[in-house]
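Below is one structure; the comments refer to it alone.
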Amino acid sequence: QVQLVESGGGLVQPGGSLRLSCAASGSRFSISVMNWYRQAPGKERELVATITSGGNTNYEDSVQGRFTIARDNAKNTVYLQMNSLKPEDTAVYYCNLRIPWVPDYDYWGQGTQVTVSS
């Protein structure tokens, strides 16, 4: 059983920054693919950033250059540094852990609210 706990969300003004953290339980963190998703009210959940076990990263186009995903395997933690925040970044942000070659190994956190005021 894997548990993911997000933290770091809150209210920030446009142009500001937040750093989200996701702490994972379990012994397979270091071989996992970690993702950050977000979902705004009335919208589909979208993939924001991905980091592989080898540290390769990918970003959704709208956050490229503003957000950075990183992982600390010693702490079983993944981070999302969010800079130059825009109102359209407002959403619930979810941490996700997958090991693609292990069937049904797919875990989600409960989400943390990020609100960028106008």
Side-chain angles (χ1 to χ4, degrees):
Q1 186 80 284
V2 173
Q3 185 179 75
L4 303 174
V5 180
E6 301 102 332
S7 61
L11 176 65
V12 65
Q13 293 189 343
S17 297
L18 286 172
R19 191 191 198 200
L20 306 184
S21 298
C22 173
S25 66
S27 62
R28 294 180 174 181
F29 180 85
S30 64
I31 63 169
S32 68
V33 174
M34 299 299 299
N35 307 289
W36 286 98
Y37 287 78
R38 67 186 180 188
Q39 187 166 26
K43 293 182 168 57
E44 296 291 325
R45 188 172 297 188
E46 66 174 351
L47 178 62
V48 176
T50 295
I51 186 165
T52 69
S53 61
N56 296 310
T57 60
N58 289 99
Y59 300 93
E60 197 275 326
D61 287 345
S62 69
V63 310
Q64 180 73 47
R66 300 188 297 120
F67 291 11
T68 302
I69 188 170
R71 68 193 299 156
D72 186 341
N73 288 344
K75 294 183 170 65
N76 270 27
T77 300
V78 65
Y79 306 95
L80 187 67
Q81 178 68 47
M82 305 185 294
N83 299 324
S84 302
L85 282 161
K86 304 174 180 180
E88 51 262 46
D89 296 318
T90 296
V92 178
Y93 284 70
Y94 297 91
C95 177
N96 167 254
L97 181 154
R98 297 190 180 103
I99 303 178
W101 63 92
V102 179
D104 300 318
Y105 208 93
D106 186 357
Y107 294 92
W108 293 83
Q110 293 300 305
T112 185
Q113 177 71 48
V114 171
T115 302
V116 185
S117 66
S118 57

Could you report the tightest heavy-atom contact between [X] and [Y], atom names first, then the distance?
X	Y	result
Cys95	Leu4	O-CD1, 3.7 Å
Gly9	Val114	CA-CG2, 4.2 Å
Asp89	Ser84	OD2-O, 4.4 Å
Ser117	Leu11	CB-CD1, 4.1 Å
Ser32	Ile99	CA-CG1, 4.0 Å
Tyr94	Gly109	CD2-O, 3.7 Å

Handout entry: Donor-acceptor pair, side chain of Ser30 and main chain of Asn73, under 3.5 angstrom
Key = no

Are [X] and [Y] connected in the hydrophobic side-chain network, where two residues link if heavy atoms are under 4.5 Å apart?
X	Y	value
Leu97	Val102	yes
Tyr59	Val116	yes
Val63	Met82	yes
Ile69	Ile31	yes
Ile51	Tyr107	yes

Exercise for the section: Among Val48, Leu20, Leu80, Thr90, find the residue that satisfies the side-chain contact (heavy atoms from CB on, under 4.5 Å) test when tested with Arg38. Expected result: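 So, applying the side-chain contact (heavy atoms from CB on, under 4.5 Å) to Arg38 and each of Val48, Leu20, Leu80, Thr90, only Val48 qualifies.
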
Problem - Identified side chain to side chain donor-acceptor pair (under 3.5 Å) counterpart of Thr50 within the set Asn35, Asn96, Asn58 - result: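 The passing option is Asn35.
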
When rounded to the nearest 0.5 angstrom, what is the spacing between [atom1] in [X] and [atom2] in [Y]?
X	Y	atom1	atom2	answer
Tyr93	Glu6	OH	CD	12.5 Å
Cys22	Asn76	SG	CG	10.0 Å
Arg19	Asn83	CZ	CG	11.0 Å

Handout entry: Crowding at CD, Glu88 (>12 non-hydrogen neighbours, <6.0 Å)
Key =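 Buried by this count: over 12 neighbours within 6.0 Å.
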
Problem - Heavy atoms from other residues, nucleotides or ligands near CD of Gln110 exceed 12 (cutoff 6.0 Å) - result: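 Open.
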
Practice task
Flag this pair as yes if the NZ/CZ of Arg71 is under 6.0 angstrom from the six-membered ring centre of Phe29 and inside a 45 degree cone about the axis; otherwise no.
Solution key: yes

Exercise for the section: Take Gln81 and Ser17 through the test side-chain contact (heavy atoms from CB on, under 4.5 Å) and record every step on the way to the result. Expected result: CA-CA 8 Å; Gln81 178 68 47; Ser17 297; 4.0 Å; yes

